There are 2 protein chains.
Amino acid sequence: MSESTKRKLSGAALEKVSERFKALSEPMRLRLVYALMDGEKTVSELVRETGGVQANVSKHLSVLLDAGILGRRKQGTSSYYRIVDESIFELCDLVCGSIHDRLVAQLDELGAPPRS
Amino acid sequence: MSESTKRKLSGAALEKVSERFKALSEPMRLRLVYALMDGEKTVSELVRETGGVQANVSKHLSVLLDAGILGRRKQGTSSYYRIVDESIFELCDLVCGSIHDRLVAQLDELGAPPRS
DNA sequence: TCGTTACATTACTAGATAACGATATCACCA
DNA sequence: TGGTGATATCGTTATCTAGTAATGTAACGA
């Protein structure tokens with residue numbers, strides 16, 4: 001487990017960090033990010049895979065683009081989006097781990113009947 | 001650098017993960033988390049250190065409490081808050097790193113005059 | 001018991017934003 | 001040039017939420 005620096009952040013840095021978290025705070029945007037795990041895709045493909053509406057998918061994609069999480073390449077009448085910040089997956093893994101740990105702890109608080 | 005699993009998440013998991021990110025998407029809440037880096041503190045202490053209003057600080061603290069990021073201990077008329085999910089700092093470190101990398105990349109795009 | 005201190009909760013307002021239909025833009029082709 | 005498909009943007013509405021003042025609650029001391 002990599003150790004954190006625990007360095008205090010300046011006010012401006014806190015703003016930037018919170019903005020990054022905000023970009024990832026919508027289920028639809030996380031769905032798009034995960035849909036792009038296996039390579040770049042067009043908007044239509046993402047619309048099909050996520051079941052979203054075109055205008056909405058397009059807007060969320062531009063939010064992720066502005067946040068520096070995705071990249072875009074235009075070819076013909078299509079736009080191909082791809083992940084450019086791979087640290088996204090480490091972030092999600094960390095969060096999944098801590099959510100898992102918390103649920104296990106809550107189970108233990110109930111008296112841990114199944115174990116022992 | 002620890003490698004991510006890149007495992008696809010279910011719909012319910014995506015909801016949970018996005019909720020965790022949402023809890024961290026406010027500068028004020030990050031300020032509170034960082035103020036608690038050096039140990040547990042009372043609400044009044046946090047009000048003093050962050051410059052916030054009591055009601056607002058109290059509300060943000062309860063959001064972080066519900067998210068499982070903070071813990072609370074009551075003693076006398078005071079409430080002592082503390083960090084119970086240390087992975088928070090790794091999250092922030094990751095985000096800081098990727099923000100830094102992105103800024104460096106933007107500098108390079110400008111032609112990298114200083115580093116011939 | 002009365003007052004005080006510390007904290008939580010409620011009620012309200014202003015601002016942000018997600019979702020969606022409609023429209024605009026742009027590339028391509030006949 | 002006109003038509004079509006792909007994407008982006010606009011306008012609107014509904015929902016959410018941060019902030020704040022006022023009030024509620026609980027513990028402690030005189």
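Letters go in sequence order (proteins before strands), and every chain restarts at 1. Remember, predicted model here, so these are calculated numbers, not experimental data.
- Per the geometry, CG belonging to Leu32(B) stands 12 Å off P belonging to dA18(D), to the nearest Å.
- Interatomic distance, Leu24(B) CG to Leu14(A) CG, rounded to the nearest 0.5 Å: 11.5 Å.
- At whole-Å resolution of the value, CE in Met28(A) and C1' in dT15(D) are 18 Å apart.
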Mark up nucleotides 8-16 of chain C, 5' to 3', with B wherever a protein heavy atom is under 4.0 angstrom from a base atom, S wherever such an atom reaches only the sugar-phosphate, and - elsewhere.
BB-------
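- Residue Arg102(B) comes nearest to Asp66(A) through the heavy atom pair NH2-O, 3.0 Å, listed as atom of the first residue, atom of the second, then distance.
- In terms of position along DNA chain C, the nucleotide closest to Gly52(A) lies nearer the 5' end than the nucleotide closest to the other residue of the pair Gly52(A) and Gly76(A).
- A pairwise comparison of heavy atoms in Gly68(B) and Asp85(B) identifies O-CB, 3.7 Å as the closest pair.
- Note that CG of Leu61(B) is 9.0 Å distant from OG of Ser79(B), once rounded to the nearest 0.5 Å.
- The distance from atom CD of Gln75(B) to atom P of dA27(D) is 13 Å, rounded to the nearest whole Å.
- Within the 4.5 Å cutoff, the side chain of Val104(B) has heavy atoms near those of the Asp108(B) side chain.
- The distance between atom OH of Tyr80(B) and atom C1' of dT5(C), rounded to the nearest whole Å, is 13 Å.
- At dG19(D), one or more side-chain N or O atoms of His60(B) fall inside 4.0 Å of OP1 or OP2 (strictly under the cut-off).
- Salt-bridge formation is detected for the pair Lys22(A)/Glu26(B): a Lys NZ or Arg NE/NH1/NH2 atom is positioned less than 4.0 Å from an Asp or Glu carboxylate oxygen.
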